[in-house]
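Atom set for the values below is all heavy atoms of this structure, side chains included, hydrogens, waters and symmetry mates excluded. A note on names: the letters A, B, ... follow the listed sequences, proteins ahead of strands, and every chain is numbered from 1.
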Number of protein chains: 2
Amino acid sequence: MSYLRIGDLSKRTQVNNETLRFYETKGLLEEPSRSDAGYRLYNESVVTRVNFIVRAKKLGFSLKEIMELLSLRVDRQDSTCGDVKAVAEKKLEDIEEKIFELNRMKTALDRITLACCGGEESAVHCTILNALEV
Amino acid sequence: MSYLRIGDLSKRTQVNNETLRFYETKGLLEEPSRSDAGYRLYNESVVTRVNFIVRAKKLGFSLKEIMELLSLRVDRQDSTCGDVKAVAEKKLEDIEEKIFELNRMKTALDRITLACCGGEESAVHCTILNALEV
DNA sequence: CTTGACCCTGTAGTAAACTTTAAGGTTTAG
DNA sequence: CTAAACCTTAAAGTTTACTACAGGGTCAAG
C-alpha cells in the first residue's frame with residue numbers, strides 16, 4: 001500500500017492540486033501525513049472522499065453541506081445516534097425534494113423531445129415552461 | 001389581467017428586486033414592458049419562469065445552463081426540431097445522472113438512519129462514505 | 001403638498017469556490 | 001550532477017451569483 005502524492009490524487013480524481021489543498025483548508029479533506037520533505041502523502045481512501053465531494057457538488061450541495069454529509073457518523077464521542085439520525089433525515093428530505101424536481105424536469109424534457117417534435121402547429125408550445133405546466 | 005411591478009413579482013417569487021433585475025441583465029428574464037414612468041410591468045407568466053429558475057438553481061444548474069434549458073423551444077427561426085431534440089437529450093442525460101447519484105446518496109443515508117443505529121459495535125462504520133461503498 | 005413606499009440606473013461590494021502567481025525546496029531520469 | 005517535473009506556503013486574482021448603495025424620480029394617502 002503505497003501513498004499517493006498530491007499529483008497522483010489529482011490525476012485519479014480529475015481535481016487539481018490547488019483545489020485539493022483548498023478543500024483541506026476548508027476541512028473537507030483531513031490533513032494527510034507528510035514525507036520528510038513535507039510532501040502530502042494520501043492513502044487510497046481519500047480517492048473515494050474526493051469523488052464524493054465532486055458528485056455532491058454536481059448535485060447542488062455547497063461545500064458546507066458536503067461537510068455536513070461527510071461528518072455524519074455514529075462513532076464520534078460528541079454525537080449520539082439520535083443526532084446523526086436527525087441530520088441524516090433532514091438531508092434525506094433535501095435529496096427527496098431534489099429527486100422530485102428532477103423527475104418533473106425530466107418529464108418536461110421528455111415531452112419536448114417526444115411530443116412536440118410531431119406536428120407543425122403545436123411547435124409554438126414547445127418550451128420547457130409549457131411542458132412543465134401540464 | 002393587471003401587470004405586476006417588480007415588488008409584486010418579488011413578493012410572489014421570494015426573489016428580491018435586485019436579483020430579478022440581475023437576471024434580466026443576464027438574459028434569464030426578458031425585458032418587460034414599462035409604464036410611462038419607466039417602471040417594469042410584468043405579466044403573470046413571468047412568475048412561472050422565475051420559479052423555474054429558482055428550482056433549477058437548487059438542483060445545481062448554473063445560470064448559464066438554466067438559460068439553455070429556458071431557450072429550448074421549437075418555434076424559433078434559428079433552431080430546428082432536431083437541434084432542440086439534441087440539446088434536450090443532452091440535458092436529459094445530465095438530469096438522469098443527477099437522479100442516479102441522488103438515489104445512491106439516498107440509499108446511503110437510509111442505511112445510516114436505519115441500519116447503523118442498531119448495534120453498538122457496528123457504529124464505527126456509520127459514515128456516508130462507508131454506506132455508499134456497499 | 002409633503003411623507004413614505006415604491007421605482008429607476010449605475011456602480012461598488014460581498015461570499016463562495018476556486019485559480020494563479022511568486023518564490024522557493026525536492027525528486028528523478030538521463 | 002543537472003534539468004525537468006514534482007512539491008511547499010502565502011497571498012493575490014478570478015468567476016459566479018448576487019446584494020447594497022448612491023442619487024435620483026414616481027405615486028398614493030392624509
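Under a 3.5 Å cut-off, the side chain of A:Glu97 and the backbone N or O of A:Asp94 do not form any donor-acceptor pair. Checking side-chain atoms of A:Glu93 against main-chain N and O of A:Lys90 turns up no donor-acceptor pair under 3.5 Å.
Whole-Å rounding puts the A:Tyr23 OH to C:dC18 P distance at 3 Å. Counting to the nearest Å, the C1' atom of D:dT16 and the CD1 atom of B:Ile66 are 12 Å from each other. Counting to the nearest Å, the P atom of C:dC7 and the CG atom of B:Leu4 are 11 Å from each other. In this structure, CD1 of A:Ile53 is placed 9 Å from P of C:dC18, rounded to the nearest angstrom. To the nearest angstrom, P of D:dC18 lies 11 Å from CG of B:Leu29. Atom CG of A:Asp8 and atom C1' of D:dC7 are 11 Å apart (whole Å). Atom CG in B:Asn17 sits roughly 9 Å away from atom C1' in C:dC6 (whole-Å rounding).
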**Fill in**
Heavy-atom contacts, protein to nucleotides 24-30 of chain C, under 4.0 Å, summarised as B (base), S (sugar-phosphate only) or - (none) per nt, yield -BBS---
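Remark on DNA chain C: of its neighbouring residues B:Ile6 and A:Thr19, the 5'-side contact belongs to B:Ile6, judged by nearest-heavy-atom nucleotide. Comparing A:Lys11 and A:Arg34 by the nucleotide of DNA chain D whose heavy atom lies nearest to each, the residue mapping closer to the 5' end is A:Lys11.
Side-chain contact between A:Val46 and A:Thr13: absent, with no pair of heavy atoms (C-beta onward) separated by less than 4.5 Å.
Residues A:Leu59 and A:Lys98 share a closest heavy-atom pair of O-NZ, 2.9 Å. Nearest heavy-atom pair across B:Met67 and B:Gly27 is SD-O, 3.2 Å.
Within 4.0 Å (heavy atoms only), B:Lys57 reaches sugar-phosphate atoms of the nucleic acid but no base atom. Looking at heavy-atom distances under 4.0 Å, A:Arg21 makes contact with a base.
Minimum atom distance to the side chain of A:Leu63 is reached by C:dA17, of the listed C:dT9, D:dT19, C:dA17.
For the pair A:Lys91 and A:Phe61, the cation-pi criterion (under 6.0 Å, within 45° of the ring axis) is not fulfilled.
A distance of 9.5 Å separates CG in B:Asn103 from CD in A:Glu96, rounded to the nearest 0.5 Å.
Within the structure, a side-chain polar atom (N or O) of B:Arg40 is placed less than 4.0 Å from OP1 or OP2 of C:dC8.
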